[in-house]
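Below you'll find the structure, written out as C-alpha cells, and then a few comments.
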Amino acid sequence: MEDLSDTPSVTAQKVSTAKQKKDTADQAFKLGNTKDALKAYHEALMYLLGLDKNALQSIGMAAKPVDGSSGEGKDKERTEALAKNESNYKAMFRKGKALGEQGFFEKALKVLEDLKAKNPSDTSLVDTEIARLRAIDNERERVHKQKMKGFLNKAEKKGASISDDVEPVAIEAGFIEEVKE
C-alpha cells in the first residue's frame with residue numbers, strides 16, 4: 001500500500017503552485033495578454049486536476065469555462081463572487097463588461113467606475129473597456145434611431161395619406177322592435 005502520510009503536503013504544494021500560476025494569469029489578464037493568461041490558467045488547473053473540489057473552492061479556483069458569454073447564470077455567479085469578496089476586481093470587471101454587452105451601459109459604467117476607484121492600477125484597462133462599451137452603445141443607439149426614423153411618415157412616402165384609404169361609413173337610422181314570444 002501507498003504511504004498517504006505526505007498527501008496533505010503534496011496537495012498543499014500543488015495548490016501553492018496553482019496559486020502562483022493563477023496570479024501570473026491574473027497579471028497577464030490585467031495587461032490585456034489573454035493568450036498568456038489562458039495558458040497560465042490552464043496550467044494552474046492542470047496542477048489541480050484530481051484534487052478535492054473543497055480545496056479548490058477554498059482558494060477561489062473552481063474550474064469554470066472561459067468563453068466570454070454573458071448569460072444570466074454567469075451574471076448570478078459574478079454577483080455571488082462579489083458578495084463573497086467585494087475586492088474581487090476580476091469579477092467586477094467581468095460584470096461591468098457583461099452589463100455593457102447586454103445593453104445596460106449606465107449600469108456597466110457605474111460598476112467600472114467603481115472598479116477604477118477601488119483599484120487604480122487597472123485604470124487604463126477599465127478606461128479602454130468603457131470606451132469600447134461606449135462605442136457599442138453609440139452604434140446600438142444609431143441603429144435604433146435609423147430604424148425608427150420616419151416610421152410615422154411611411155404612408156406619405158408611398159404617396160397617399162392614411163385618411164385617403166378610409167371611406168366614411170354612413171349610419172342608417174333605424175329602430176329596434178321588441179319581439180314577444
Side-chain angles (χ1 to χ4, degrees), residues 2-141:
E2 206 176 302
D3 183 21
L4 297 176
S5 61
D6 65 337
T7 301
S9 64
V10 171
T11 301
Q13 184 180 13
K14 285 184 176 185
V15 168
S16 174
T17 304
K19 276 186 177 181
Q20 290 173 353
K21 296 283 186 184
K22 180 182 179 283
D23 291 340
T24 302
D26 289 345
Q27 288 300 89
F29 180 76
K30 285 181 180 180
L31 296 174
N33 193 349
T34 54
K35 186 175 182 179
D36 288 342
L38 290 173
K39 180 181 175 188
Y41 283 131
H42 177 74
E43 289 174 357
L45 289 173
M46 289 297 107
Y47 271 98
L48 300 173
L49 192 64
L51 294 182
D52 184 19
K53 289 185 180 183
N54 292 331
L56 300 180
Q57 288 176 346
S58 69
I59 63 168
M61 290 187 67
K64 299 198 178 185
V66 181
D67 62 0
S69 66
S70 305
E72 290 179 18
K74 291 206 177 280
D75 189 40
K76 183 178 176 186
E77 289 174 8
R78 290 182 197 99
T79 304
E80 289 173 0
L82 288 173
K84 288 180 184 175
N85 181 7
E86 290 184 10
S87 63
N88 188 342
Y89 302 129
K90 190 187 323 181
M92 287 179 74
F93 180 79
R94 288 179 177 169
K95 182 175 182 173
K97 183 176 181 176
L99 285 169
E101 289 173 353
Q102 290 173 348
F104 302 111
F105 179 72
E106 290 79 18
K107 289 181 182 179
L109 186 62
K110 184 176 185 271
V111 169
L112 291 172
E113 290 292 340
D114 189 35
L115 173 61
K116 246 177 30 175
K118 288 182 179 180
N119 190 15
S121 65
D122 287 341
T123 300
S124 64
L125 179 67
V126 172
D127 286 340
T128 303
E129 186 61 25
I130 289 172
R132 187 183 77 80
L133 292 176
R134 185 169 277 129
I136 290 171
D137 187 55
N138 288 342
E139 178 63 19
R140 189 178 289 135
E141 184 71 20

Pair Val126-Asn119, side-chain contact (heavy atoms from CB on, under 4.5 Å): steps then yes or no: CA-CA 10 Å; Val126 172; Asn119 190 15; over 6 Å; no
Qualifying residue for salt bridge (Lys or Arg N to Asp or Glu O under 4.0 Å) with Glu43, from Lys21, Lys14, Lys19: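 When Lys21, Lys14, Lys19 are each tested with Glu43, the salt bridge (Lys or Arg N to Asp or Glu O under 4.0 Å) holds only for Lys21.
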Partner of Lys116 by side chain to side chain donor-acceptor pair (under 3.5 Å), out of Asp122, Thr123, Asp127: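 So the option named by the test is Asp127.
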Candidates Thr34, Asp36, Asp26 - the one meeting side chain to side chain donor-acceptor pair (under 3.5 Å) with Tyr41: Asp26
Heavy-atom closest pair, residues [X] and [Y]:
X	Y	value
Lys30	Leu125	O-CD2, 3.8 Å
Ala25	Ala40	CB-CB, 3.5 Å
Ala108	Gly100	CB-N, 3.4 Å
Gly103	Arg140	CA-NH1, 3.0 Å
Leu133	Lys97	CD2-O, 4.0 Å

Quiz item: cation-pi between Arg132 and Phe105, 6.0 Å / 45°: no
Ring-face cation contact, Phe93 with Lys90, 6.0 Å cut, 45° max: no
NZ (Lys107) with more than 12 external heavy atoms under 6.0 Å: no
From Leu115 atom CG to Lys95 atom NZ, the distance as rounded to the nearest 0.5 Å: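 With rounding to 0.5 Å, CG (Leu115) is 12.5 Å from NZ (Lys95).
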Value rounded to 0.5 Å, distance of CG in Asp137 from CD1 in Ile130: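 If we round to the nearest 0.5 Å, Asp137:CG and Ile130:CD1 are 12.5 Å apart.
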Heavy-atom side-chain contact between Leu109 and Arg134 under 4.5 Å: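 A side-chain contact exists here, since the closest heavy-atom pair is under 4.5 Å.
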